[in-house]
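Order of appearance sets the numbers: ligands from 1, and atoms from 1 within every ligand. What you see is a predicted model, and the numbers here were worked out from it, not measured in a lab.
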Amino acid sequence: MVAPSFQVLVCGGLLVLCSIEALDNGLALTPPMGWLSWLRFGCNIDCDAKPTECISENLIKRTADLMVSEGYLAAGYEYITIDDCWLDKDRGPDGRLVPDPKRFPSGMKALADYVHSKGLKFGIYEDYGSSTCAGYPGVEGHEALDAETLASWDVDYIKLDGCNTDVRNMNKAYPAFGQLLNATGRPIVYACSWPYFLEVNHMKPNYTAVAEHCNVWRTWVDIRNSWASVVYTMNWMASNQQRLAPFAGPGHWNDPDMLVIGNSGLTVNQAKVQMAIWAILAAPLHMSVDLATIQPEFKAILLNRDIIAVNQDKLGKQGLRVWSETFSWRHKFQVWQRELSDNCYAIAIVYFGHHHTSSFFTHEELRIPRQNYLLQDLYNIETDRVLEAHKTLTFSMNGTDVKFYKFIPQAFDVFVKQI
Ligand SMILES: *[C@@H]1O[C@H](CO)[C@@H](O)[C@H](O)[C@H]1NC(C)=O
Ligand SMILES: *[C@@H]1O[C@H](CO)[C@@H](O)[C@H](O)[C@H]1NC(C)=O
Ligand SMILES: *[C@@H]1O[C@H](CO)[C@@H](O)[C@H](O)[C@H]1NC(C)=O
């Protein structure tokens, strides 16, 4: 199942050469990007009351159409994944999983074919337990049959939740289901909720084992449609970054959950913060929004190619929060930094204050080598500028905002092209 992949990682604060054994199915070499139904559409199964919002093949087809026609696929959003509530309450007479016949009348294979005909990949949700979190049939006791059934529908991505089972079994159960997926012969991204269930039960996940068996894994509670939830998730990721970040890399990623961007819970500036931090975190980028009604300023954030390029950087190194000081006069700021290929850095300065402000950070505070950099503002507010080795980074910001720069090392005698 596994093959060693050697990477330079920060382990316990020291730069050392570590070997991470990683799941070797050739998938998710950069963080998966796509769309997931849960945050926006949840478990809405009432197609009579809400025909355009219920979990149904119509929702998936119209979203697939929009992912292509509105440029999301071209920007990298590839997987369209149905979360919980697609199943019928009962298995078929042959014991197989059956999609709800009213909402998925054509069946899952036909829906997968439709998704594939658009050039997209097809994802689906299941649960390791006796039933899913919303009470539909889970895979427990039917593991091999279900792995085979899902593969026979040409599923490309499985989000395997962990409600309604004994958490103590998960260290065996998740690897075992991964083995069954592998045995189907179909390359399927394996998204696990395993570490989340251990973390919430105060049982230390073995992230070495998780990275060996899963392509992506949920680390903490579901994100919700609010700024408070995004900030809470960011702070949880930062508080646990020394434990988690070393395990991210090509083929295996920490998943802080979906992008809230485009829904009612975030302003434009708050949405910019989430996109920047998810790029720094090398997080999967799963939109969860109605693509038919999303406003253009949010769409532009989701489609920002420079920020997607940071997220998808081939070095695959998860970034860290490098500055957050409760007792500093700059306590309303956080600095997040990610090392990129070609010796570049992505740096996000998040400001939680409510009023326009100006401030600065030194190279040391940004945790970057003291040299000259060309700064590209990834949200295109500023024009390119140079930060010299002996200067501090100065900036001004509006209330609740992010400055997101790419720092490109410059030789000392380089003149900056004014564009
Ligand atoms: C199954 O696992 C083997 C060994 O790690 C790997 O080479 C192969 O690509 C995997 N196949 C699939 C379909 O995941
Ligand atoms: C964690 O998992 C790895 C890989 O499966 C294993 O070698 C190691 O012994 C485990 N560590 C603990 C503390 O169980
Ligand atoms: C602050 O907001 C105003 C109005 O939206 C905008 O024109 C200006 O560029 C912003 N300033 C900064 C520093 O982002």
Side-chain angles (χ1 to χ4, degrees), residues 1-7 9-12 14 16-32 34 78-79 81 108-109 112-113 115-116 120-126 128 139 143-160 162 166-219 240-255 284 316 318:
M1 280 293 287
V2 297
S5 73
F6 289 92
Q7 300 170 12
L9 296 164
V10 179
C11 294
L14 298 169
V16 293
L17 195 64
C18 312
S19 160
I20 293 268
E21 304 267 333
L23 176 56
D24 177 31
N25 59 6
L27 300 173
L29 298 179
T30 59
E78 186 181 17
Y79 292 92
T81 300
M108 284 303 173
K109 176 68 171 74
D113 288 347
V115 164
H116 290 144
L120 293 158
K121 295 204 162 112
F122 185 55
I124 214 161
Y125 166 103
E126 245 298 0
Y128 195 78
V139 305
E143 294 86 347
L145 179 64
D146 291 353
E148 192 239 293
T149 302
L150 297 173
S152 76
W153 292 340
D154 290 346
V155 164
D156 305 299
Y157 186 110
I158 291 180
K159 172 177 173 178
L160 193 68
D166 188 338
V167 176
R168 288 168 300 183
N169 293 337
M170 287 188 179
N171 289 339
K172 287 213 171 71
Y174 273 92
F177 194 76
Q179 218 112 40
L180 292 170
L181 290 180
N182 180 278
T184 68
R186 185 169 178 83
I188 299 175
V189 174
Y190 188 27
C192 301
S193 300
W194 168 20
Y196 157 71
F197 281 93
L198 268 60
E199 294 274 2
V200 292
N201 286 289
H202 310 291
M203 297 158 69
K204 275 255 145 102
N206 179 344
Y207 281 99
T208 305
V210 172
E212 267 178 36
H213 295 287
C214 303
N215 292 115
V216 291
W217 53 86
R218 281 284 306 285
T219 50
N240 294 281
Q241 61 190 5
Q242 295 300 340
R243 289 191 306 124
L244 298 178
F247 296 99
H252 42 101
W253 310 99
N254 289 296
D255 181 3
Q318 179 174 327

Say whether G185 and ligand 1 are in contact under the criterion: heavy-atom distance to a ligand atom below 4.0 Å.
yes
Parallel under 30°, tilted from 30 to 60°, perpendicular over 60°: which one fits the rings of F122 and H116?
perpendicular
Please check if the side chain of H252 supplies one atom and the backbone of F247 the other of a donor-acceptor pair under 3.5 Å.
yes
Considering residues at least two apart in sequence or located in another chain, which fulfil the side chain to side chain donor-acceptor pair (under 3.5 Å) criterion with N169?
none
If only atom types and distance count, is the side chain of N254 paired as donor or acceptor with the main-chain N or O of L244 below 3.5 Å?
yes
My understanding is that only residues two or more places apart in sequence, or in another chain, count here; which of them pass side chain to side chain donor-acceptor pair (under 3.5 Å) with R168?
D166
Can you tell me if N215 uses its side chain to pair, donor with acceptor, with the backbone of Y190 under 3.5 Å?
yes
Short N or O contacts of ligand 2 with protein, under 3.5 Å, listed by atom name?
from, atom 1, to, atom 2, distance (Å)
ligand 2, 2 (O), N206, OD1, 3.3
ligand 2, 2 (O), N206, ND2, 2.3
ligand 2, 5 (O), E212, OE2, 3.4
ligand 2, 11 (N), N206, ND2, 2.9

Only heavy atoms of N25, strictly under 4.0 Å: list the atoms of ligand 1 that pass.
14 (O)
Only counting residues at least two apart or in another chain, list the ones meeting side chain to side chain donor-acceptor pair (under 3.5 Å) with Y125.
D84, D161
